[in-house]
Q: 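What follows is a structure written as structure tokens; I'll ask about it next.
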Amino acid sequence: MTEAFEPVIIGFTCNWCSYRAADLAGTARVKYAPNVRLIRLMCSGRLDPTFVLKALASGADGVMITGCHPGECHYLEQNYKAMRRYHLLKRMLAQMGVEPGRVKLVWASAAEGVRLAGEITKLVEEVRALGPLNWPTAGVAAALPAKPAALEVPA
Amino acid sequence: MTEKIGVYVCHCGTNIAGMVDVEGVAKWAAERLAHRGVVIARDYKFMCSSLGQELIEKDIQELGLTRVVVAACSPHLHEQTFRTACARAGLNPYLCELVSIREQVSWVHTDKAAATAKAKAVLSGGVERVTHHAPLEPLRVPIHPATLVVGGGIAGIQAALEIADSGTRVYLVEREPSIGGHMAQFDKTFPTLDCSACILTPKMVSVGNHPNITLMTYAEVTKVDGFVGNFEVTVTQKPRYVKVDLCTGCGVCEEKCPKKVVDDIFEVGLGKRKVIYRPFAQAVPKYPVLDRENCTYFIKGTCKACEKFCPTDAIDFEQKEEIITLKVGNIILATGFDLFNAHRIPQYGLGRLPNVFTSLEFERLCNAAGPTNGNVVMRDGTTVPKSVGIIHCVGSRDENYHAYCSSICCMQSLKFAHLVRERTGAEVYNFYIDMRAPGKGYEEFYHRLLEEGVHFVRGKVAEVSAFARLPGEEGHLIVQVEDTLIGKQRRIPLDMVVLSAGLEPRHDAKQVAKVFGISCSADGWYIEKHPKLDPVATMTEGIYIAGAVQGPKDIPASVAQGAAAAARVMGRIQQKEIALEPVRASIDETRCSGCRICNALCPFNAILYHADTAVSEVNPALCQGCGTCVAACPAGAISGTGFSDEQVLSQMEGLLLRNLQPVEV
């Protein structure tokens with residue numbers, strides 16, 4: 001273990017704000033840590049908390065959830081629902097023995113490419129400091145609805 | 001694996017290839033994702049070029065591809081391009097996935113090895129996801145040809161006239177008794193100084209007479225059901241106590257009414273009106289309104305002077321509120337702005353110091369039809385001021401109130417300065433932070449004012465007070481200001497101060513936004529679909545915005561937006577039907593337990609509950625596809641097209657490279 005630990009972060013983005021913020025960061029050539037891999041949802045309200053658990057169980061060291069600022073949701077108020085679920089999820093993660101700092105909710109409007117980039121780099125550093133997530137994969141993954149393809153090992 | 005997936009990795013010149021080993025990514029996909037169905041992986045200089053697209057089309061036809069993954073720029077840029085290419089080759093366009101390795105990889109990372117590894121992961125996510133794509137068809141819905149315009153200010157008037165002239169029905173709903181909006185209250189318009197009423201009233205008359213416009217004043221939209229092309233709108237018509245089919249607008253009732261009250265709306269408290277009244281002489285429609293709260297008959301049970309003298313028996317004390325239902329295909333919101341309430345800045349003395357006026361009060365003072373017949377006088381009604389101060393940015397560009405610039409106040413203040421000079425010859429001081437004159441002829445107008453001898457003091461006014469301290473201050477208002485151009489504190493004694501108040505969203509903008517299902521910014525301005533390229537559409541299909549409801553705007557900009565919104569609506573009407581993105585939720589009723597958790601989560605009321613079968617159902621035309629219900633359903637009975645659990649989770653597996661043999665990538 002001489003090499004620096006490089007965490008893998010899964011980022012869930014809203015199609016209308018934070019995904020566009022990521023686009024904007026790209027267009028403006030704002031640099032951020034390459035450890036994050038984004039998934040586009042239509043809205044942060046689409047985020048099923050099991051997505052986060054599944055990500056952590058499947059090898060991600062951290063998860064970033066992003067949505068429109070309060071009051072600016074493209075679907076009026078669904079980001080509030082994401083926020084409620086997020087707080088419950090954080091509590092649950094703590095009960096499960098996962099550091100709550102591995103999961104973070106960030107508001108980023110379509111105009112906030114710089115902010116999103118900064119938040120990504122910050123989370124990567126925070127998760128790096130926490131170290132790898134030693135999720136007891138075998139037990140929990142079995143409890144989750146496992147996708148057969150996920151466990152398939154090619155010849 | 002039954003799918004045959006084609007993978008196409010774009011160089012984008014050097015935009016991607018400069019930071020990502022593009023050939024390596026394609027080669028890797030061909031080898032390591034072959035077991036996931038990838039039958040071909042190519043790289044090409046510019047995938048979006050016609051040659052790049054032809055490459056994909058040829059492979060679809062020759063290799064019988066059933067799925068396509070393009071790794072290139074953001075889907076917001078070229079998703080449509082590649083979907084269309086697939087459709088041309090006979091593949092359902094929704095079986096194509098575009099993953100971003102430019103905006104999200106090559107442009108934001110600096111280490112080529114790390115960027116290449118991430119590009120592989122992103123591509124792998126796309127390959128896993130596309131397997132779960134389903135062939136989709138866009139939803140087609142018919143467009144009702146009628147249009148609702150809400151708000152009868154200049155933006156709404158312009159929009160209504162444009163659409164009505166094109167030959168389709170327009171319902172124009174206005175809350176006040178007359179259309180005209182704020183513009184009807186103004187005296188002159190900057191920078192040309194043409195008379196506001198002279199240019200506005202002909203348009204108001206056209207609205208009143210237009211055969212295609214149904215004008216509904218003194219009415220409010222209380223409910224909006226339905227969706228683009230098929231809205232059902234509920235309008236509440238407040239009682240005027242006047243039968244409009246009998247009233248000729250002769251004005252006898254107004255003349256004979258024995259009671260006068262202060263007019264807080266049109267004359268902003270400076271003038272009086274009768275209890276049965278038209279807000280101003282050129283009001284459209286011409287019918288008066290009876291103000292029930294102040295009417296002697298409604299208070300004491302006797303009077304009825306209006307009824308007695310009405311030559312056509314048009315007065316009806318029994319009139320009730322009326323609920324009207326309209327069917328329209330599109331809606332334009334042009335509900336305008338409120339003036340910033342300058343009482344909120346107590347140090348400027350509005351309401352406490354009599355000779356401090358708001359900008360709207362000053363407009364009425366200048367107006368020949370106003371309470372002083374156009375004489376600029378102090379609060380006593382007779383004294384002509386010898387010196388007038390005009391304070392810019394009242395409530396604007398101030399973090400305590402509104403951080404934004406209200407955009408019209410500089411020019412409005414210059415106009416006031418000119419009118420004061422012209423009407424009274426008084427000394428005029430303009431207190432400004434920055435002079436903003438960005439419109440056509442605006443900068444020239446500023447220079448004209450400089451030449452007219454108006455004093456300009458650059459600095460934010462700290463206080464307006466009546467406490468004389470120095471000789472010459474007695475009996476004056478004293479403006480305390482830091483003149484930042486000379487670096488000195490100044491006390492300037494003046495007879496009159498005008499507060500050039502900024503614009504703010506209507507006090508009920510947020511409730512109105514809820515009625516129409518659109519979103520507002522934290523300030524309360526309505527949010528356009530795209531701030532540059534789609535400024536009059538909203539994120540809600542079929543609902544458009546025009547004028548100051550979207551943000552502070554002057555008259556030319558409001559008119560332009562009214563016309564622009566009208567053009568968008570007319571385009572829609574011409575198409576007769578509209579294709580909607582098929583990103584929708586649907587409920588598997590065999591798995592629905594009827595718990596109704598989803599019902600309350602939907603902000604668009606798209607989920608119906610069938611009590612007889614105890615299951616919920618999604619109306620696909622109302623559903624906007626956010627997916628909140630999908631995430632909430634405890635039975636997993638709801639799935640979201642384009643963003644199903646399988647699609648998201650498999651993309652995640654791909655991103656985490658769980659689909660590969662566990663070797664170094």
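Naming convention: chains lettered A, B, ... in sequence-line order (proteins, then strands); numbering from 1 in each chain.
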Q: Name the member of B:P603, B:C73, B:G640, B:G642 that forms the most heavy-atom pairs with chain A at distances under 4.5 Å.
A: B:P603
Q: Could you check whether B:E79 pairs with A:R40 (Lys NZ or Arg NE/NH1/NH2 to Asp/Glu carboxylate O, under 4.0 Å)?
A: yes
Q: With a 4.5 Å heavy-atom cut-off, do A:Y75 and B:T628 have their side chains touching?
A: no
Q: Listed by residue number, which members of residues 509-516 of chain B have a heavy atom under 4.5 Å from any heavy atom of chain A?
A: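 Listed by number, the contacting residues are B:K514.
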Q: Return yes if a side-chain donor-acceptor contact under 3.5 Å exists between A:Y19 and B:Q104, otherwise no.
A: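 Side chains of A:Y19 and B:Q104: pair found under 3.5 Å.
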Q: Below 4.5 Å from any heavy atom of chain A, which atoms of B:V583 appear? Answer side chain, backbone, both or neither.
A: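 Interface part for B:V583: side chain.
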Q: Donor-acceptor pair, A:R37 side chain versus B:A121 backbone, under 3.5 Å?
A: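 Flag not set: sc A:R37 to bb B:A121 has no pair under 3.5 Å.
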Q: Could you report the tightest heavy-atom contact between A:P34 and B:K118, atom names first, then the distance?
A: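 So the two residues come closest at O-CD, 3.5 Å.
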Q: Measure from the side-chain N and O atoms of A:K81 to the backbone N and O of B:L601, and report whether any donor-acceptor pair falls under 3.5 Å.
A: yes
Q: Taking only Lys NZ, Arg NE, NH1 and NH2, and the carboxylate oxygens of Asp or Glu, determine whether A:D23 and B:R102 approach each other closer than 4.0 Å.
A: no
Q: What part of B:N15 lies closer than 4.5 angstrom to a heavy atom of chain A: side chain, backbone, both or neither?
A: side chain
Q: Please examine the side chains of A:K31 and B:W107, heavy atoms only from C-beta on, and report whether any two atoms are closer than 4.5 Å.
A: no
Q: Checking an interface table here. Which of residues 59-70 of chain A come within a heavy-atom distance under 4.5 Å of chain B?
A: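 Heavy-atom contacts from residues 59-70 of chain A to chain B are A:G59, A:A60.
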Q: Within a strict 4.5 Å, meaning less than it, do heavy atoms of the B:H76 and A:N15 side chains meet?
A: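 Yes - at least one pair of side-chain heavy atoms lies under 4.5 Å apart.
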